[in-house]
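All values reported here derive from a predicted model rather than from experimental measurement. Atoms within each ligand, like the ligands themselves, are counted from 1 in listed order.
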Amino acid sequence: EYDPALIASGQALSDRHGLPATHHLQDVMADVAIQPEHTPVALHACGDLHVRLLQLASAVGCKQLALAPCCYNRITADSYQ
Ligand SMILES: C[S@@+](CC[C@H](N)C(=O)[O-])C[C@H]1O[C@@H](n2cnc3c(N)ncnc32)[C@H](O)[C@@H]1O
């Protein structure tokens, strides 16, 4: 997520529930600092956002990720793959 307000509210929710999660601001279409030990989480990630996150997490070898894709039409390619 790259909206600071959503990062903050997500972190507040995780903290309230005692979850050991750190919410990082990240433009997923820019240079991304995902490490193999990270567990990327994306809820309602539109089109190219979830495709790119899958490619990045796969490329660095993340052992797990949680992804709820949406808006399959919001892509720059002619067709969704
Ligand atoms: C459909 S909303 C989902 C928001 C929230 N995760 C939820 O489930 O309610 C898509 C989100 O993608 C974020 N977004 C758009 N472009 C992005 C980018 N390049 N990198 C990271 N997040 C982005 C928007 O700020 C928006 O909050």
Side-chain angles (χ1 to χ4, degrees):
E1 177 57 61
Y2 68 177
D3 179 338
L6 292 181
I7 301 294
S9 61
Q11 188 67 63
L13 274 173
S14 287
D15 293 346
R16 189 187 327 151
H17 292 284
L19 300 175
T22 305
H23 295 239
H24 296 279
L25 186 150
Q26 176 67 61
D27 180 346
V28 79
M29 303 308 283
D31 288 341
V32 176
I34 293 179
Q35 303 295 323
E37 65 272 20
H38 289 158
T39 298
V41 176
L43 177 62
H44 304 145
C46 308
D48 281 338
L49 298 180
H50 70 256
V51 172
R52 169 125 166 108
L53 187 61
L54 283 168
Q55 291 168 341
L56 290 166
S58 178
V60 301
C62 292
K63 294 187 172 47
Q64 53 188 6
L65 86 165
L67 179 65
C70 69
C71 304
Y72 297 91
N73 59 313
R74 296 184 69 179
I75 54 173
T76 54
D78 289 337
S79 59
Y80 180 85
Q81 181 173 21

Students should be able to answer this: which protein heavy-atom is nearest to atom 6 (N) of ligand 1, and at what distance?
Leu43 O, 2.8 Å
May I ask you to identify the nearest protein heavy atom to atom 24 (C) of ligand 1, giving residue, atom name and distance to one decimal place in Å?
Glu1 OE2, 3.5 Å
Taking only heavy atoms of Asp27 into account, list the atoms of ligand 1 that are under 4.0 Å away from them.
18 (C), 19 (N), 20 (N)
For Gln26, counting its heavy atoms only, list the atoms of ligand 1 lying under 4.0 Å from any of them.
20 (N), 21 (C)
Return the closest protein heavy atom for atom 1 (C) of ligand 1 as residue, atom name and distance.
His44 O, 3.3 Å
Checking a contact table here: which protein heavy atom is nearest atom 22 (N) of ligand 1, and how many Å away?
Tyr2 N, 3.4 Å
Just heavy atoms, cut-off under 4.0 Å: does Cys46 contact ligand 1 by side chain, backbone, both, or neither?
side chain
For Leu6, the ligand 1 atoms whose distance to one of its heavy atoms is below 4.0 Å:
27 (O)
Give the ring-plane orientation class for His24 versus His38, where under 30° counts as parallel, over 60° as perpendicular and anything between as tilted.
tilted
Decide side-chain contact (heavy atoms from CB on, under 4.5 Å) for Leu49 and Met29; before the verdict, give the C-alpha distance in whole Å, the side-chain angles of both, and the deciding distance to 0.1 Å.
CA-CA 7 Å; Leu49 298 180; Met29 303 308 283; 3.8 Å; yes
Checking Thr22 against Gln11 for the side-chain contact (heavy atoms from CB on, under 4.5 Å) test, could you report, in this order, the C-alpha distance in whole Å, the side-chain angles of both residues, the deciding distance, and whether it holds?
CA-CA 7 Å; Thr22 305; Gln11 188 67 63; 4.2 Å; yes
Is the closest N or O pair between Cys70 and ligand 1 shorter than 3.5 Å?
no
of all protein heavy atoms, closest to atom 20 (N) of ligand 1 is Val28 N, 2.9 Å
Only one of Asp48, Leu56, Leu54 forms a side chain to side chain contact (heavy atoms under 4.5 Å, CB included) with Arg52, so which one is it?
Leu56
SG (Cys71) and NE2 (His50) are apart, to the nearest 0.5 Å, by 9.0 Å
Which atoms of ligand 1 are found less than 4.0 Å from any heavy atom of Leu49?
12 (O), 14 (N), 15 (C), 16 (N), 17 (C), 18 (C), 19 (N), 23 (C)
Any side-chain to backbone donor/acceptor pair from Ser58 onto Gln55? Under 3.5 Å, distance only.
no
